[in-house]
Amino acid sequence: MKTKKMMKSILPQSFYARNTVTIARDLLGKQLICHIDGIIREGIIVEAEAYCSDNDPASHAFSGKTKRNTAMFGPAGHAYIYFIYGNHYCFNIVAKEDAVNAGAVLIRAIEPIIGIEHMQKARGNHQTNINLTNGPGKLTQAFNINLSHNNCNLTKKEKLWIVEDHNTESMVTVCTPRIGIKSATDYIWRFYIKDNPWVSR
DNA sequence: CACCCGATTATCT
DNA sequence: GATAATCGGGTGT
């Protein structure tokens, strides 16, 4: 008889081929697994925002395809990563219905689970606990995610992928306007896990 | 080629 | 809460 170790199942391509806003909400409580530079790091997604297509003035895709945002127009379930404010990378997941041009979910905060000592090292040793991953630029630094991971396929166990987390029964989701944007502030497309200490604000 | 600005963060007061 | 740091992308000349 086989040894049965309960493996959490990887989110399939069909998970990402749905409405962008729905996916942003559904990603809460899911577990990001990251194999980069021979190091394993994992954490729970606790905050995310939806960015849609030409119906969303705050989205990079609003004015059409450019060199930077090409991944947003590509297949759902891949990574879209961009550099911002001269310092930081932001990690997004391409998420959209097949009929829609573009769309992605920004991962804004993660609760660290595995590889915490590596995250501390990547962030600088003076950074501890919640400061490791409680912001979009912080978590990419902690996980060593950068432009080389743009377009990475998240539906295969290569460098980045996401699995179900089975301990979400008591999770409460909060919805608010998105952070750091000046248009479409009436769209309630930010989601986070209530009372989770790693949420950015 | 010059200009403007941003899905942020750290470091002040 | 206010703001400097920092630089690539996008736009227009």
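Since the model is a prediction, treat every value here as computed from it, not as a measurement. Convention: sequence-line order gives letters A, B, ...; per-chain numbering from 1.
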Point to revise | Residue A:Arg68, side-chain atoms from C-beta onward, closest of B:dA7, C:dG9, B:dT9 | key: C:dG9
Check your understanding: Among side-chain atoms of A:Lys138 and A:Asn134, is any donor-acceptor pair under 3.5 angstrom?
Key -> yes
Study note, to complete from the structure: Separation of B:dT8 atom P from A:Ile81 atom CD1, nearest Å, is 16 Å
Exercise for review: Give, for atom CE of A:Met119 and atom CD1 of A:Ile39, the distance between the pair rounded to the nearest 0.5 Å.
Suggested key: 10.5 Å
Check your understanding: Does the A:Arg41 side chain pair with the main chain of A:Ala142, one donor and one acceptor, at a distance under 3.5 Å?
Key -> yes
Review point. How about A:Tyr80 and A:Tyr82: are their ring centroids closer than 6.0 Å?
Key: yes
Point to revise | Phosphate-side-chain proximity, A:Arg108 and B:dT8, N/O vs OP1/OP2 below 4.0 Å | key: yes
Exercise for review: When you get a sec, tell me which of C:dG10, B:dT9, B:dA7 is the closest nucleotide to the side chain of A:Thr66?
Suggested key: C:dG10
Check your understanding: Between atom CG in A:Asn134 and atom C1' in B:dT8, what is the gap in whole Å?
Key -> 12 Å
Review point. Over how many whole Å does the gap from A:Phe62 atom CZ to C:dG10 atom P extend?
Key: 16 Å
Point to revise | Separation of B:dC5 C1' from A:His88 NE2 (nearest whole Å) | key: 15 Å
Point to revise | Distance, nearest 0.5 Å, that separates CZ of A:Arg178 from CG of A:Leu106 | key: 10.0 Å
Check your understanding: Under 3.5 Å, is there a donor-acceptor pair linking the side chains of A:Asn196 and A:Glu111?
Key -> yes
Review point. Is there aromatic stacking of A:Tyr85 against B:dG6, centre distance under 5.5 Å, plane angle under 30°?
Key: no
Review point. Does anything in residues 179-188 of chain A reach DNA chain B, meaning a heavy atom under 4.0 Å, and if so which residues?
Key: A:Ile179, A:Gly180, A:Ile181, A:Lys182
Point to revise | Distance-only side-chain donor-acceptor flag, A:Gln31 / A:Glu164, under 3.5 Å | key: no
Practice item. Please answer whether the main-chain N or O of A:Arg18 pairs with a side-chain N or O of A:Thr22 as donor and acceptor at a distance below 3.5 Å. Key: no
Point to revise | Test item: A:Thr133 side-chain N/O and A:Ile110 main-chain N/O as donor-acceptor pair under 3.5 Å | key: yes
Check your understanding: Does any residue of residues 54-61 of chain A have a heavy atom under 4.0 Å from DNA chain B, and if so, which ones, in number order?
Key -> A:Ala58, A:His60
Point to revise | A:Phe83, nearest nucleotide to its side chain (from C:dG8, B:dA10, B:dT9) | key: C:dG8
Check your understanding: At what distance, to the nearest 0.5 angstrom, does CD1 of A:Ile116 lie from CG of A:Leu132?
Key -> 7.5 Å
Study note, to complete from the structure: Rounded to whole Å, the CD-P distance (A:Gln141 to B:dT8) equals 15 Å
Check your understanding: A:Arg178 has an atom CZ; how far is it from atom P of B:dA7, in whole Å?
Key -> 10 Å
Review point. Closest to the A:Ser63 side chain: B:dG6, C:dT11, C:dG10?
Key: C:dT11
Practice item. Tell me which nucleotide among B:dA7, C:dG10, B:dA10 gets nearest to the side chain of A:Lys138. Key: B:dA10
Point to revise | Verdict with supporting geometry, A:Ser53 and A:Asn55, side chain to side chain donor-acceptor pair (under 3.5 Å) | key: CA-CA 5 Å; A:Ser53 186; A:Asn55 60 334; 5.2 Å; no
Practice item. Could you give me the stems involving DNA chain C, meaning stretches of three or more consecutive Watson-Crick or G-U wobble pairs whose two defining distances are both below 3.5 Å? Key: B:1-6 with C:7-12, B:8-12 with C:1-5
Check your understanding: Whole-Å distance between B:dA10 P and A:Ile130 CD1?
Key -> 11 Å
Check your understanding: Is the charged tip of A:Arg108 near the ring of A:Tyr192: under 6.0 Å from the six-membered ring centre and within 45° of its axis?
Key -> no
Exercise for review: Specify the separation, in whole Å, of atom CG of A:Asn87 and atom C1' of B:dC5.
Suggested key: 15 Å
